[in-house]
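The structure appears below as structure tokens.
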Number of protein chains: 4
Amino acid sequence: MDGKRGRKRSEQARVAILTATVDELTDKGYDSLSIEGIAARAGVGKHTIYRWWGSKGALIADCLVENLLPSPAYEPPDTGDVRADLTRWLGEAMDLIDDRTNRDVFRALVGAAAENPSVAEALNAQLGVLSALVRRLATASHAELRTSGGSLDALATAVTGTLIMRLLSPESMPGPSADQVVALLLPPGPDAPDR
Amino acid sequence: MDGKRGRKRSEQARVAILTATVDELTDKGYDSLSIEGIAARAGVGKHTIYRWWGSKGALIADCLVENLLPSPAYEPPDTGDVRADLTRWLGEAMDLIDDRTNRDVFRALVGAAAENPSVAEALNAQLGVLSALVRRLATASHAELRTSGGSLDALATAVTGTLIMRLLSPESMPGPSADQVVALLLPPGPDAPDR
Amino acid sequence: MDGKRGRKRSEQARVAILTATVDELTDKGYDSLSIEGIAARAGVGKHTIYRWWGSKGALIADCLVENLLPSPAYEPPDTGDVRADLTRWLGEAMDLIDDRTNRDVFRALVGAAAENPSVAEALNAQLGVLSALVRRLATASHAELRTSGGSLDALATAVTGTLIMRLLSPESMPGPSADQVVALLLPPGPDAPDR
Amino acid sequence: MDGKRGRKRSEQARVAILTATVDELTDKGYDSLSIEGIAARAGVGKHTIYRWWGSKGALIADCLVENLLPSPAYEPPDTGDVRADLTRWLGEAMDLIDDRTNRDVFRALVGAAAENPSVAEALNAQLGVLSALVRRLATASHAELRTSGGSLDALATAVTGTLIMRLLSPESMPGPSADQVVALLLPPGPDAPDR
DNA sequence: TTGTAAACGAGACGGTACGTCAGGTCTTGAG
DNA sequence: CTCAAGACCTGACGTACCGTCTCGTTTACAA
């Protein structure tokens, strides 16, 4: 009478579905994504998907949670030099975005987030930027940053927002470089020219 | 013998279609948007839409071009005080975003841009922010800004990116306030406390 | 592992579709017949029709096979008097044709057969006339018929052809009566006037 | 003030339209026939067709009247031997029907007649069989026919009906031969075997 | 000559139906 | 009780024609 009777949920099916989701998302983008296609690619009945997820958004959110999508958020380095560390991190994130394949997945992801609040939430949660980045920045002395503690959030948001702008821009107009962004957001380093 | 024969394109139909597109977009978001629905709401044959646009993206891009969507880009004020002007502009933009209805349209718009490069292009073009805002900031003295001329672009991008982040965030986590953002992006004013 | 998995075909849907086909055919004739209309009337998805039939012709042919259309072919009586039996049968068939409703269905049927070879085949097969009638005529003595065995087929064809001519004629010009047809096709009976 | 002003009806357009109708009918059959296709093939505006005809049926009926369709009705020969003449005529008519191209047009024609009473009427009128054939048969002595005058009509109908049956039959089951039909419909000739 | 009225080609328009595809639900039989 | 398979109803897709309606052009009678 308890909840443990019957066949157990198939881990194999679960993984196959999430994997197929990522693959389809990569191949076709968000709104050409079809449950039917995912089911077919995963070799799974549609019902199995609906039983456990129930919507495209939930699927993608789960992919995020399981870290199956190329993550824009890896731990920033900490060499002691905030400017250098942030510049490096930002440059690498931009390279990640500029890659054709990732670009398409990220765009699909933003599309999903824009349409589906629950994806947006998962994306925000996953977007470790807002934590990993903040964590790194928090180690910096006040002298190195321009803003006081409360607006570390503003800094992280500006960085992430800049990346999203780059993502949504045509390749021909990529927007500001990592250097320019850092120059804007952080005060000049001790060895910087006076102006 | 030239190409001008036959009945002329109906301006009335053109406008009805674009209007209906905006309405449907507002009501249902980008990926529940259907050509069929637009045609029905506009009182128009589907073929008339396909004849002139041929895709959801093109339709939306055209709406942008025709300024039919609630524009996030109005002319920033110029009182001489950059900090105050930018703070005001940003605050109003945030209010615009925070409004339920606009929020949905903007999200749909970002979704469309993420899925459809041509919409992205139109959106970037339309996003007067990058011109109107830059125009205002360019009038400021170097002393008022933190960055030299070349990275005005970085500044505008950071501002816009911050707004998009707010748009994609759950209402419960709106992110930094206008004040915080300005404090980050502009150097302290003359009457600001020293630190 | 075999081919029996999945939900079974719905008999209810099958019957509803064939019934709706007959109704629509009766109401609107063959070339105003629409799959969409049939699906709607049957309360069925179009796909279900296309899954199993794939064309208007196949649908109608199936209706014929299932005897859902008013049949022009009922068993001819056998009183021993071929002339009388044939005359009666023919008269009743003509009455059937002369009825407005049946007339429309039959015409639609002929239209379908003329456009669609597979309907033609089904119609020919179903047109029991060529079997039921021949069966009856075959019981007659040679003296009663004018032709030898091999051309019973010719006789049945002439009878059916005469009926089709009547079907395609305007009501104001119905063509020969049953008596006249029988007088043409069978030799005078023993009690007939000499000339 | 009278009705004679303005441009005259273009004979060239009229002919082009009827010709195109025949061609399209030959190529695609009745229910794949489109006014749009006819207009395009004739190099004519659709309105010109609708102005003068207004329906597919009327077009086809006009083609019949203008004798633009391969006629099944040519004058039967008169050698003095009714059996031989009728057999010959019937054989040639069957050959006409058996030809692939004609077969398709005739079937389209029957389809049109079945759907459209006005075509049926034109077809009946045109189907000279009922006049040309009757004319020939009427010259025969009573001894040569089996039926008295009044049912010449029955005879002609049986002949025509037999041809239509052949038209609607699959090629693999062409039905009775000309000889068989004549043997059924006419009394044995003077030199025929007794039974 | 010069109206002016009708017919013409072209083709846009609001519609209906096409045949296909995917969505989400339900049913079946195997595990 | 889950799974794969797959039939089901729903509804949108993009296309093809429908029959109507302008357009600008061409023709030909009437003033």
Side-chain angles (χ1 to χ4, degrees), chain A residues 3-10 12-13 32-40 42-52 54-56, chain B residues 1-10 12-14 16 32-37 39-40 42-52 54-56, chain C residues 1-10 12-14 32-37 39-40 42-52 54-56, chain D residues 1-10 12-14 32-40 42-52 54-56:
Chain A
K4 299 161 188 178
R5 279 212 268 157
R7 190 177 179 172
K8 270 175 188 155
R9 176 168 182 184
S10 158
Q12 179 184 324
S32 298
L33 194 64
S34 73
I35 299 283
E36 209 124 67
I38 293 171
V44 138
K46 281 194 289 175
H47 200 41
T48 303
I49 297 181
Y50 284 111
R51 194 181 343 257
W52 301 109
S55 84
K56 286 199 290 182
Chain B
M1 260 62 163
D2 49 319
K4 299 158 188 177
R5 283 212 263 166
R7 189 177 181 171
K8 270 174 186 155
R9 176 168 183 183
S10 159
Q12 180 184 323
R14 207 193 108 255
S32 299
L33 194 63
S34 74
I35 299 283
E36 207 126 77
V44 138
K46 281 195 289 175
H47 198 43
T48 302
I49 297 181
Y50 285 112
R51 197 185 337 263
W52 302 109
S55 83
K56 289 197 288 180
Chain C
M1 259 59 165
D2 48 321
K4 300 159 187 177
R5 283 212 264 167
R7 190 178 181 170
K8 272 177 185 154
R9 176 169 182 183
S10 159
Q12 180 183 325
R14 209 194 105 254
S32 298
L33 195 63
S34 75
I35 299 283
E36 208 126 73
V44 139
K46 281 194 290 175
H47 200 42
T48 302
I49 297 182
Y50 284 112
R51 199 191 327 268
W52 302 108
S55 84
K56 288 197 291 181
Chain D
M1 253 43 164
D2 50 319
K4 299 163 189 173
R5 278 215 268 165
R7 188 178 182 172
K8 273 178 183 155
R9 175 169 182 182
S10 159
Q12 180 184 323
R14 209 194 108 254
S32 297
L33 195 64
S34 75
I35 299 283
E36 208 127 69
I38 293 170
V44 139
K46 283 195 289 176
H47 203 44
T48 304
I49 296 181
Y50 284 109
R51 188 173 359 248
W52 302 110
S55 83
K56 286 200 291 182

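Just so it is clear, the structure is predicted and the values come from calculations on it, not from any experiment. Per chain, numbering begins at 1; letters A, B, ... match sequence-line order.
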*Select base, sugar-phosphate, or nothing to describe what A:G43 touches, counting heavy atoms under 4.0 Å on all strands.*
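Contact class for A:G43: sugar-phosphate only.
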
Minimum-distance nucleotide to [X] side chain [options: [options]]:
| X | options | result |
| --- | --- | --- |
| C:A13 | F:dC9, E:dG9, E:dC13 | F:dC9 |
| C:R5 | F:dA5, E:dA10, E:dT25 | F:dA5 |
| D:R7 | F:dT22, E:dA6, F:dA4 | E:dA6 |
| C:S34 | E:dG24, F:dC3, E:dA17 | E:dA17 |

Do any side-chain nitrogens or oxygens of [X] fall under 4.0 Å of OP1 or OP2 in [N]?
| X | N | result |
| --- | --- | --- |
| C:T48 | F:dC9 | yes |
| D:W52 | E:dC8 | yes |
| D:S10 | F:dT27 | no |

Contact summary for [X] and [Y], nearest pair of heavy atoms:
| X | Y | value |
| --- | --- | --- |
| B:V44 | B:I49 | CG1-CG1, 4.1 Å |
| C:K56 | C:I35 | CG-CD1, 4.2 Å |
| B:S10 | B:A13 | OG-N, 3.0 Å |
| D:A39 | D:G45 | CB-C, 4.3 Å |

Cationic tip of B:R14 within the cone over B:W52's six-membered ring, i.e. under 6.0 Å and within 45° of the normal?
no

Walking DNA chain F from its 5' end, the first of C:R14 and B:G54 to be reached, judged by nearest nucleotide, is C:R14

If I take atom [atom1] in residue [X] and atom [atom2] in nucleotide [N], what distance separates them, rounded to the nearest angstrom?
| X | N | atom1 | atom2 | answer |
| --- | --- | --- | --- | --- |
| C:I35 | E:dT16 | CD1 | P | 18 Å |
| D:K56 | F:dC18 | NZ | P | 7 Å |
| C:E36 | F:dT10 | CD | P | 13 Å |
| D:L33 | F:dA16 | CG | P | 17 Å |
| D:K46 | F:dC18 | NZ | P | 7 Å |
| B:R51 | E:dG15 | CZ | P | 14 Å |
| D:K8 | F:dA30 | NZ | C1' | 13 Å |
| A:I38 | F:dA4 | CD1 | C1' | 17 Å |

